[in-house]
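Just the heavy atoms: all of them, side chains too, but no hydrogens, waters or symmetry mates, feed the values below.
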Amino acid sequence: MNIQENFSISQLTTMRLGGAARYLIEIEKEADLGPAYEFAGNHQLPTYILGDGSNVIGRDEGFAGVVMLNRLKGIEPISEDSDKLIVRVATGEELDALVDYAVAGDWYGAEALAAIPGTVGGAVMQNAGAYGQEMSQILVGVDAYDTQTGELIHIPVDELALCYRHSIFNSDGPDSVKGRYFIVAARVRLHRTEIQGELYGSLQAYLLENDITDRRAKTIRDAVTNIRTQKLPDSTVMASSGSFFKNITIDEADIEPLRAQYPGIPIFLIGNCWEVASGWLIEQAGLKGKLLHGMRVSDKAALILINESADSYEDLCRARAEIIAAVEEKFGFRLEQEPEEI
Ligand code: EPU
């Protein structure tokens, strides 16, 4: 087991901010978990699990604990019949590797999740979703290491409380299990039926513009990849965490008054939540493309913040506060940050 000391969180996260983690342990196999958590316990230190760090922001003070870096790999079929395939995916795999695996076998269910940065573990933890698909629709359950008992258990999907960017693993509150489990694998069900019904707006528009009429898994995967490449910063080139704010969840009864007050306001049904597009709110507040304390509000998608020249997490906090205040003043909605913080 490889243990490193005082490792820079900025190097482990795509926003490239933050001080040092006291210790860093790379989890390469499930058997590393026992000794790694024993090490943290012996030193009486808190732990934090990181995948690619594509949705985690480091704070300037760093983390006085043990970062467990998830390097678990492997995608194995568990069962297959004519119309469904169940696979067990190690959570250190890239989500895109799962998408490619599914598409290669002409299996459906993950194709619209193409090109989302990050690992399967991160995608499960925050119920990642895009272009009309969501992890909640394909997950059967997870295999998780219980840090309190040292046992590996299976948690079925209906016990994960998955909803918009939310699961039992990232929610606070009296029943919180945050930090208790290390999710080692996701069990995912893929199927033979292509996406039914209306497609997500920008995906439909892309297919129309490019005269694409089929909905094969590969077609949708390639279309989504192209849309994302045009709009989202490449994290190997630009420091960013993708969408920096969540969309605003509203009640169905709010839709008509909002549309009357703000013609053109984009409101979508995502899963079973009605959402106002926060990118539109930020754009309408006049912030698209602006540079605030070294953080650029992307000129392609205003929900995305790019760390162009911020010196610190403090700079990010100042930029964040200004964006939240501007949107609140204009619309009365209070934006919430989407990435977690360590
Ligand atoms: N919009 C604007 N101005 C902008 C950006 C968006 O007016 O600058 C409008 C668009 O015209 C559209 C609506 O807002 O009508 C929605 O925009 P888009 O389809 O680009 O999606 P989004 O709401 O900005 C969400 C997810 C993304 C996901 C896309 C596609 C969140 C926080 N973000 O973004 O997820 O890829 O939908 O499904 O839910 C992420 O979480 O990091 C992420 C990138």
Side-chain angles (χ1 to χ4, degrees), residues 55 108-113 116 123-139 156-176 189 191 193-208 215 220 224 227-228 231 242-288 301-304 320 323-340:
N55 211 41
Y108 290 80
E111 61 276 16
L113 304 176
I116 294 182
V124 168
M125 204 267 303
Q126 56 156 357
N127 186 22
Y131 302 99
Q133 288 180 341
E134 211 175 64
M135 288 303 287
S136 61
Q137 298 161 344
I138 52 169
L139 265 183
V157 68
D158 55 2
E159 291 174 23
L160 299 180
L162 298 177
C163 55
Y164 174 62
R165 299 292 189 268
H166 174 101
S167 75
I168 57 167
F169 303 112
N170 69 355
S171 41
D172 294 309
D175 302 327
S176 173
R189 186 197 292 115
H191 50 79
T193 327
E194 55 189 41
I195 302 181
Q196 305 293 305
E198 211 179 309
L199 291 177
Y200 186 86
S202 53
L203 176 56
Q204 178 68 61
Y206 179 91
L207 297 181
L208 270 174
R215 292 184 177 190
I220 300 295
V224 167
I227 300 170
R228 293 190 83 95
K231 211 179 62 174
S243 294
F244 188 77
F245 296 101
K246 293 183 193 173
N247 284 328
I248 304 278
T249 303
I250 55 166
D251 292 331
E252 200 169 352
D254 300 331
I255 298 174
E256 280 322 308
L258 278 170
R259 288 205 169 124
Q261 197 178 356
Y262 307 110
I265 189 169
I267 300 176
F268 305 101
L269 184 63
I270 306 280
N272 47 12
C273 292
W274 287 99
E275 285 178 14
V276 174
S278 296
W280 185 87
L281 301 175
I282 296 169
E283 182 171 349
Q284 297 296 311
L287 294 170
K288 194 167 184 169
L303 204 49
I304 292 171
R320 174 178 67 194
I323 297 167
I324 291 174
V327 167
E328 194 162 24
E329 194 186 35
K330 190 165 167 76
F331 296 100
F333 287 124
R334 195 166 173 82
L335 294 175
E336 273 179 39
Q337 182 171 316
E338 203 241 358
E340 287 209 351

Answer yes or no: is there a side-chain heavy-atom contact under 4.5 Å between [X] and [Y]?
X: Phe245; Y: Leu303; answer: yes
X: Arg228; Y: Ile116; answer: yes
X: Ile220; Y: Leu207; answer: yes

Shortest non-hydrogen contact from [X] toward [Y]:
X: Phe169; Y: Met125; value: CB-CG, 3.7 Å
X: Glu275; Y: Ile250; value: N-CG1, 4.5 Å
X: Ser167; Y: Leu162; value: CB-CD2, 3.4 Å
X: Tyr164; Y: Asn247; value: OH-N, 2.8 Å
X: Pro257; Y: Asp254; value: CD-O, 3.4 Å
X: Ala130; Y: Leu113; value: N-CD2, 3.8 Å

Taking ring pair (Phe, Tyr, Trp, His ring centres under 6.0 Å) as the test, write out the residues that go with Trp280, two or more places apart.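 Here the qualifying residues are Phe331.
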Enter the distance from [X]:[atom1] to [Y]:[atom2] here, rounded to the nearest 0.5 Å.
X: Ile248; Y: Leu258; atom1: CD1; atom2: CG; value: 10.5 Å
X: Tyr131; Y: Ser202; atom1: OH; atom2: OG; value: 4.5 Å
X: Tyr200; Y: Ile227; atom1: OH; atom2: CD1; value: 9.5 Å
X: Glu336; Y: Ile324; atom1: CD; atom2: CD1; value: 9.0 Å
X: Glu338; Y: Arg165; atom1: CD; atom2: CZ; value: 5.0 Å
X: Tyr206; Y: Leu208; atom1: OH; atom2: CG; value: 12.5 Å

Just by distance, do the side chain of [X] and the backbone of [Y] share a donor-acceptor pair under 3.5 Å?
X: Gln284; Y: Leu281; value: no
X: Asn127; Y: Ser136; value: yes
X: Ser278; Y: Lys246; value: yes
X: Glu111; Y: Gly109; value: yes
X: Arg215; Y: Ile195; value: yes

Side chains of Asn55 and Glu340 only: does a donor on one sit below 3.5 Å from an acceptor on the other?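 Looking only at side-chain atoms, Glu340 and Asn55 do not form any donor-acceptor pair under 3.5 Å.
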Between Glu198 and Gln204, is any side-chain donor less than 3.5 angstrom from a side-chain acceptor? no
With sequence neighbours excluded, residues passing side chain to side chain contact (heavy atoms under 4.5 Å, CB included) with Ser176: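 Result, side chain to side chain contact (heavy atoms under 4.5 Å, CB included) vs Ser176: Lys178.
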Listed partners of Ala123 passing side chain to side chain contact (heavy atoms under 4.5 Å, CB included), at least two apart: Leu95, Ala128, Met135
Yes or no on side chain to side chain contact (heavy atoms under 4.5 Å, CB included) for Asp158 and Leu160, after CA distance, side-chain angles and deciding distance? CA-CA 6 Å; Asp158 55 2; Leu160 299 180; over 6 Å; no
Presence of salt bridge, Lys288 and Glu283, under 4.0 angstrom: yes
Begin with the C-alpha distance, continue with both residues' side-chain angles, and end with the deciding distance and a verdict on side chain to side chain contact (heavy atoms under 4.5 Å, CB included) for Trp274 and Asp251. CA-CA 6 Å; Trp274 287 99; Asp251 292 331; over 6 Å; no
Derivation of the side chain to side chain contact (heavy atoms under 4.5 Å, CB included) call for Ile270 and Glu134: CA-CA 9 Å; Ile270 306 280; Glu134 211 175 64; 4.0 Å; yes
List the steps, then state whether side chain to side chain contact (heavy atoms under 4.5 Å, CB included) holds for Gln196 with Glu194. CA-CA 6 Å; Gln196 305 293 305; Glu194 55 189 41; 4.2 Å; yes
